[in-house]
Amino acid sequence: MSISTSDSSSLHSLCKLLGAIKPIEVRNLDAHGDDIMSTITADSRLAGKGSLFVAVRGTRVDGHSFIPGVVENGAAAVVCEEIPADASPEVVWIKVADTSEALGLLASAWHGYPSTKLTLVGVTGTNGKTTIATLLYELAKLRGLKAGLLSTVVNKIDDCDVAATHTTPDPLELNALLARMVEAGCTFAAMEVSSHAAAQHRIAGLDFDGGIFTNLTRDHLDYHKTFANYLAAKKSFFDGLKPEAFALTNLDDRNGEVMQQNTRARKASYSLRGDADFRGRVIEDRFDGMLMSFNGNEVETLFCGRFNASNLLAVYGAAQLLGFNRDGELPVDMSRLVPVAGRFQTVRSADGVTAIIDYAHTPDALVNVLDTINEIRMPQQHVITVCGCGGERDHGKRPMMAREAAARSWRVILTSDNPRSEDPASIIQEMRTGLDNESSARTFANADRAEAIRMASAMAAPGDVILIAGKGHEDYQILATGKIHFNDREEIIKAFTDRKAN
């Protein structure tokens with residue numbers, strides 16, 4: 001992964017940067033004086049004269065192996081976990097216990113500790129992160145604040161969009177974005193905190209004013225290996241919150257209380273089912289919206305489904321904790337929030353077929369969306385689900401995805417979802433192993449995702465509901481040959497247009 005500062009013209013005192021970390025050993029600093037660094041990077045290709053290179057141990061490559069080349073190219077200083085036996089006297093060597101953590105701390109210092117100049121709220125969990133972070137950003141804007149957003153879909157610096165490449169960017173990019181928010185006059189920011197980011201210390205050095213936990217179900221076990229490791233990564237975020245921050249967790253998930261066990265932050269909770277600081281209830285649910293109660297205040301929303309009710313309740317609770325309800329207008333502002341792109345996004349055909357595009361790419365997320373559809377639909381309306389599983393990712397969830405889809409749908413079409421270097425047909429076959437004979441008879445397959453979406457449109461009768469799951473906001477498909485443009489919403493609109501013409 002390429003990591004470098006976005007402001008290579010900045011000059012920084014090495015001694016001041018070292019104050020941000022706790023070096024185990026520093027060599028040659030006296031001989032060089034307080035060198036001025038022109039660049040900080042973890043990408044050896046960008047480490048030239050005057051640079052500070054951080055040798056991060058990645059999942060595929062170890063930055064320590066690039067140290068000789070970095071020194072040859074004139075790097076002024078190297079942060080590493082092991083100083084080489086043939087360490088050059090021309091370089092300042094800085095030994096630390098964990099270079100990943102050091103990179104986060106150094107990135108924050110390099111950019112002037114931007115997170116301390118913002119009210120920063122992080123959202124973590126398996127599902128709901130994007131929706132909650134985005135709605136908090138939108139709510140802050142409704143309250144008249146200049147705000148920033150770091151999400152899977154898009155990053156925002158007030159009203160300016162910045163393309164998002166990761167759920168949580170690398171430390172240098174992350175702090176650069178936060179610094180740009182501060183420069184733009186933002187006072188609030190909401191961000192998704194992925195399990196990868198927590199485990200890899202990408203958020204090290206950030207000053208969070210609040211943390212929100214949504215839920216925890218099977219995901220990313222290709223990386224974390226065990227559910228316990230996955231849980232620990234999420235929990236580490238709450239363990240690191242400062243006492244002045246808040247830790248808002250979902251008590252409807254059994255891990256909600258676990259997240260709060262060692263946190264120093266102020267504890268708060270939300271629930272749709274039981275007693276909590278923030279209680280919610282779904283009064284009426286429809287495909288075009290939902291009437292909800294937040295701590296007794298009835299609000300008409302543009303969202304539907306219990307999973308969205310939980311997301312909205314988290315937003316309501318966080319807004320209260322942030323002081324967004326000082327004038328009593330919070331219920332009105334909640335009613336003005338709109339769904340996030342690719343999250344239960346609806347498209348209707350001219351003859352009354354409803355298509356729902358959703359990012360659901362885990363078994364639990366798929367269950368949530370399908371249960372919502374089945375709770376709202378009329379008995380005569382059929383559900384047709386189009387879904388797949390990503391290549392080079394958790395194989396264990398593949399049969400689970402097919403099984404859950406078939407259990408809650410009239411027809412299922414298995415297809416491609418970023419197969420990467422894997423054979424799409426093999427992925428689909430792995431998914432099929434989760435089906436019994438009856439479910440298998442109602443399940444079809446087409447590795448061409450566009451064709452699969454057209455198949456679903458052809459199967460649907462007026463009034464039926466098509467769920468296209470897995471990609472949501474994504475506008476690409478990753479194949480063995482590379483990335484191509486692909487958008488579920490565009491494809492279903494084409495299919496519905498053809499349906500109308502025929």
For [X], does the [atom1] atom sit with more than 12 other heavy atoms under 6.0 Å from it, leaving out its own atoms?
{"X": "R408", "atom1": "CZ", "value": "yes"}
{"X": "E72", "atom1": "CD", "value": "no"}
{"X": "R254", "atom1": "CZ", "value": "no"}

Assess, by modelled atom type and distance only, whether the side chains of [X] and [Y] contain a donor and an acceptor separated by less than 3.5 Å.
{"X": "T354", "Y": "R348", "answer": "yes"}
{"X": "N437", "Y": "S440", "answer": "no"}
{"X": "E474", "Y": "N418", "answer": "yes"}
{"X": "T130", "Y": "E192", "answer": "yes"}
{"X": "D252", "Y": "S271", "answer": "yes"}
{"X": "E257", "Y": "T249", "answer": "no"}
{"X": "T99", "Y": "E81", "answer": "yes"}
{"X": "H473", "Y": "R343", "answer": "yes"}
{"X": "N255", "Y": "D253", "answer": "yes"}
{"X": "D43", "Y": "T41", "answer": "no"}

Within a strict 4.5 Å, meaning less than it, do heavy atoms of the [X] and [Y] side chains meet?
{"X": "R411", "Y": "T385", "answer": "no"}
{"X": "N127", "Y": "D364", "answer": "yes"}
{"X": "D488", "Y": "I453", "answer": "yes"}
{"X": "R273", "Y": "R306", "answer": "yes"}
{"X": "V412", "Y": "F444", "answer": "no"}
{"X": "N446", "Y": "R454", "answer": "no"}
{"X": "V258", "Y": "L231", "answer": "yes"}
{"X": "M401", "Y": "L366", "answer": "yes"}

Look up atom [atom1] in [X] and atom [atom2] in [Y], then write down how far apart they are to the nearest 0.5 Å.
{"X": "N250", "Y": "L248", "atom1": "CG", "atom2": "CG", "answer": "8.5 Å"}
{"X": "E404", "Y": "N368", "atom1": "CD", "atom2": "CG", "answer": "10.5 Å"}
{"X": "S115", "Y": "L178", "atom1": "OG", "atom2": "CG", "answer": "6.5 Å"}
{"X": "Q477", "Y": "D417", "atom1": "CD", "atom2": "CG", "answer": "6.5 Å"}
{"X": "D209", "Y": "L206", "atom1": "CG", "atom2": "CG", "answer": "11.0 Å"}
{"X": "S457", "Y": "K494", "atom1": "OG", "atom2": "NZ", "answer": "13.5 Å"}

Do you know which two heavy atoms are closest between [X] and [Y], and how far apart they sit?
{"X": "A402", "Y": "L414", "value": "CB-CD2, 4.3 Å"}
{"X": "F496", "Y": "V347", "value": "CE1-O, 3.7 Å"}
{"X": "L272", "Y": "A309", "value": "CD1-CB, 3.9 Å"}
{"X": "L337", "Y": "F303", "value": "O-CE1, 3.5 Å"}
{"X": "N175", "Y": "P114", "value": "O-CG, 3.6 Å"}
{"X": "Q381", "Y": "G463", "value": "NE2-O, 2.6 Å"}

Open item on the list: Taking salt bridge (charged side-chain N to carboxylate O under 4.0 Å, His left out) as the definition, give me every residue that meets it alongside E138, ordered by chain and number, with sequence neighbours left out.
Closed with: none
Whether the side chain of [X] engages the backbone of [Y] through a donor-acceptor N/O pair (distance < 3.5 Å, no angle test) should be reported.
{"X": "K234", "Y": "G125", "value": "yes"}
{"X": "D285", "Y": "C304", "value": "no"}
{"X": "R420", "Y": "G391", "value": "yes"}
{"X": "R442", "Y": "S409", "value": "yes"}
{"X": "Y270", "Y": "N311", "value": "no"}
{"X": "D475", "Y": "N487", "value": "no"}
{"X": "S151", "Y": "N155", "value": "no"}
{"X": "R403", "Y": "T433", "value": "no"}
{"X": "H361", "Y": "Y359", "value": "yes"}
{"X": "N73", "Y": "V70", "value": "no"}

TODO: Just do the ring pair (Phe, Tyr, Trp, His ring centres under 6.0 Å) check on F237 and F208 with the steps written out, would you?
DONE: CA-CA 10 Å; F237 168 58; F208 286 96; 5.0 Å; yes
- [ ] Starting from the C-alpha separation in whole Å, work towards a yes-or-no answer on side-chain contact (heavy atoms from CB on, under 4.5 Å) for L118 and V182.
- [x] CA-CA 7 Å; L118 295 161; V182 172; 3.8 Å; yes
Task: Mutual orientation of the aromatic rings belonging to F213 and F238 [parallel < 30°, tilted 30-60°, perpendicular > 60°] - done: perpendicular
- [ ] Return the orientation label for the F344 and F287 ring planes: parallel under 30°, perpendicular over 60°, tilted otherwise.
- [x] parallel
TODO: Under the side chain to side chain donor-acceptor pair (under 3.5 Å) rule, what do D436 and S439 come out as? Steps first, then yes or no, please.
DONE: CA-CA 5 Å; D436 58 25; S439 296; 3.0 Å; yes
Task: R336 vs T301, side-chain contact (heavy atoms from CB on, under 4.5 Å): CA-CA, chis, key distance, verdict - done: CA-CA 7 Å; R336 297 167 63 188; T301 78; over 6 Å; no
Let me check something: any side-chain donor-acceptor pairs from residues 423-431 under 3.5 Å, sequence neighbours excluded? List them with distances.
unit_1, atom_1, unit_2, atom_2, d
D423, OD1, A425, N, 3.2
D423, OD2, S426, OG, 3.3
E430, OE1, H395, ND1, 3.1
E430, OE2, H395, ND1, 3.1
E430, OE2, R398, NH1, 2.9

- [ ] May I ask you to say whether D351 pairs ionically with R499, meaning some side-chain N is under 4.0 Å from a carboxylate O?
- [x] yes
- [ ] Output, in order, the C-alpha distance, side-chain angles, deciding distance and verdict of side chain to side chain donor-acceptor pair (under 3.5 Å) for Y230 and T126.
- [x] CA-CA 10 Å; Y230 181 42; T126 305; 2.9 Å; yes
Task: Verdict with reasoning, K129 to T152, per side-chain contact (heavy atoms from CB on, under 4.5 Å) - done: CA-CA 9 Å; K129 296 188 298 296; T152 304; 5.7 Å; no
Open item on the list: Walk me through whether E451 and R449 qualify under salt bridge (charged side-chain N to carboxylate O under 4.0 Å, His left out).
Closed with: CA-CA 5 Å; E451 286 294 333; R449 193 173 178 94; over 6 Å; no
- [ ] With sequence neighbours left out, write down each residue that passes ring pair (Phe, Tyr, Trp, His ring centres under 6.0 Å) with F53, or none if nothing qualifies.
- [x] none
